[in-house]
Trainee: 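Got a structure for you, written out below as structure tokens; questions coming shortly.
To find a chain, count down the sequence lines: A is the first, B the second, and so on, and within it residues start at 1. No hydrogens, no waters, no symmetry mates; every other heavy atom, side chains included, goes into these values.
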There are 2 protein chains.
Amino acid sequence: MTTDCTDCPLRRLAVFDNATDTELDFIQRFKAGELQIEAGTTLMVEGERSAHLYTVLSGMGLRYKTLHDRRRQVINFVFPGDFIGIQSALGRDMTQSIEATTDMTLCVFPADRVWSLFKSHPSVAFNLTWVAATEEHFLSEILTAVGQRKATELIAWGVLRLWERGASLGLVENGAMPLPYRQRDAADALGISLVHFNKTMHKLTDQGLFEWRDDRLRVYEIDKLRELAMVCGGPLLDKRPLI
Amino acid sequence: MTTDCTDCPLRRLAVFDNATDTELDFIQRFKAGELQIEAGTTLMVEGERSAHLYTVLSGMGLRYKTLHDRRRQVINFVFPGDFIGIQSALGRDMTQSIEATTDMTLCVFPADRVWSLFKSHPSVAFNLTWVAATEEHFLSEILTAVGQRKATELIAWGVLRLWERGASLGLVENGAMPLPYRQRDAADALGISLVHFNKTMHKLTDQGLFEWRDDRLRVYEIDKLRELAMVCGGPLLDKRPLI
DNA sequence: CGCAAGTTTGAGGGATCTCAAACAAAGTGG
DNA sequence: CCACTTTGTTTGAGATCCCTCAAACTTGCG
């Protein structure tokens, strides 16, 4: 039994725009089905072309690129509500891999209908562009962090981002949110070595700023993290469209 | 006297898609005018909102973000044909600054007409999305480089990318292309210090792999650079739309 | 019990950073 | 035409951040 778009649990969240009935109706028809994958599955592989687009209904994963000698850059963590595969919608090969780190449920959309979407539903097309542009914006923020911050700041910054993302998605319960990743994933996301990540993270957790155990993250001293991370403003959680 | 879109010199380049007459006609009407700015001018400032979009007709510049303590990440170099400001088209503040490093000529488009563009010209809207998605793709490549490669590989990789970009735009003349930047810009783009950039670059130039002097880049040993940079395939120069 | 995956620790080396100063080229004003 | 400033490049040296290697430890599982 697949989820009905009109009844999508994600859509109730305050972070997501209210779609019009027309939009909702279209998205429902656009949706080809649902895909369930198990933790550990690779959803998309670098170099291949996917005929589908996905929206994450539930579960988490990660997006990464690899170099020839096994070095790996985690581009971003994949959370519920994320839209995956715009690249293939536009007729390009995927240049990154996507892997599930928990069981996931995904809404499936056929890539070959994207073009007609632009003709028939401009507002949805607009949202699609919005999502792509926002993605780009976040990537540039990550790049700035990886390029300029040093390990301590980086980790504080990363924890903060994950926490705020999780909070906006209602994933925080009893002061904790799920974070089903390994330290290796975090290190590869920040561009530092596993060992250095481990040691530097402990310098922060020993101060009681946060805790990451058993796949769950808890933040205790958010203000101190902000200070360490050198971010001024609070979280930037614009409303965004859900496709 | 402004350039007529039907007569745009960029559009003759092989990298750019052929636009249909309808598209061209629309873009011409969409274009509000041309902007000339001098080298050193800041076109867009972080935190502000721009009412315009731009396409670079000629000249070069750079896109960057700053931290509070003056650290700066150069996100990318701005070349002719680049489309600037999708963010503001979608009603967001700019989160990065853009600065001209040479005199530049830009085509100006009003941001508030973007929405109607989606309704009236879906193919142009599609191209817009394509550009945004491609931009994201390149950013993730840059992120991978900055996060995983070490200085020598990084520099080889960066030179290679600039060279291939320049070549696709027909900027290479007599074995040299314009590269009007400072070593500080390059260092900030790669996330390494100016001093380290200087020393590491000389290790490569001393081997005769390339040369960067007087704002011009020359590549002598492209295969060796490829090897150092750990890139396998040749240049990826898909055709792309010009807006 | 033994294996696999992940975390933690220690130690030494190398890459990169910062500080500082010298050097080069170009522009300015007297 | 010559100080003098400004901007950018180059070099040296010491400090530190970060990496790699290696091993111990921990946990879950067959």
Trainee: Kindly point out which of C/dC17, D/dT10, C/dT9 is positioned nearest to the side chain of A/V195?
Mentor: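 Selected nucleotide: C/dT9.
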Trainee: Once you round it to whole Å, what is the distance between C1' of D/dG8 and CE of B/M201?
Mentor: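 Taking atom C1' of D/dG8 as the reference, CE of B/M201 is at 12 Å.
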Trainee: For the pair made of CG in A/L190 and P in D/dC17, what is the distance, rounded to whole Å?
Mentor: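 It is 17 Å, rounded to the nearest whole Å.
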Trainee: Under 4.0 Å between a side-chain N/O of B/H196 and OP1 or OP2 of C/dA15, yes or no?
Mentor: no
Trainee: Where the side chain of A/S193 is defined as all heavy atoms beyond and including C-beta, which of D/dT9, C/dT7, D/dT20 is the nearest nucleotide?
Mentor: D/dT20
Trainee: Within this structure, what is the CG-to-P distance between A/N198 and C/dT9, rounded to whole angstrom?
Mentor: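 Rounded to whole Å, this separation is 7 Å.
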Trainee: Please tell me which of the listed nucleotides, C/dT8, D/dT9, D/dT10, lies nearest to the side chain of A/H202?
Mentor: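 So the side chain of A/H202 is nearest to C/dT8.
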Trainee: Taking atom CZ of A/R12 as the centre, does the number of heavy atoms from other residues, nucleotides or ligands within less than 6.0 Å exceed 12?
Mentor: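 Counting other residues, nucleotides and ligands, CZ of A/R12 exceeds 12 neighbours.
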Trainee: For the aromatic rings, using the six-membered ring if either is Trp, is the centroid distance between B/Y181 and B/F77 under 6.0 Å?
Mentor: yes
Trainee: Base, sugar-phosphate alone, or nothing: which one does B/K199 contact when heavy atoms must sit under 4.0 Å apart?
Mentor: base
Trainee: Expressed in angstrom and rounded to an integer, what is the separation of A/F197 atom CZ from D/dC19 atom C1'?
Mentor: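 Between C1' of D/dC19 and CZ of A/F197: 16 Å.
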Trainee: What integer distance in Å separates A/L154:CG from D/dC17:P?
Mentor: 14 Å
Trainee: Just wondering, do A/Q148 and B/R72 contact through their side chains at under 4.5 Å, heavy atoms?
Mentor: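 B/R72 vs A/Q148: side chains apart.
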Trainee: With salt bridge (Lys or Arg N to Asp or Glu O under 4.0 Å) as the test, would you mind laying out the steps for B/E153 and A/R71 before giving the verdict?
Mentor: CA-CA 13 Å; B/E153 305 166 319; A/R71 276 182 286 184; 2.8 Å; yes
Trainee: Would you kindly give the NZ-to-C1' distance between A/K203 and C/dT8, to the nearest whole Å?
Mentor: 16 Å
Trainee: Can you tell whether the side chains of A/E173 and A/R218 come within less than 4.0 Å, N to carboxylate O?
Mentor: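 Answer for the salt bridge query: no.
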Trainee: Please determine, for the side chain of B/Q183, which listed nucleotide (D/dT10, D/dG8, C/dT7) has the closest atom?
Mentor: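 Between D/dT10, D/dG8, C/dT7, the one nearest the side chain of B/Q183 would be D/dT10.
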Trainee: Figure out the CZ/P separation between A/R213 and C/dT7, and round it to whole Å.
Mentor: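 Result: 13 Å.
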Trainee: Specify the separation, in whole Å, of atom NZ of B/K150 and atom C1' of C/dC17.
Mentor: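 Result: 16 Å.
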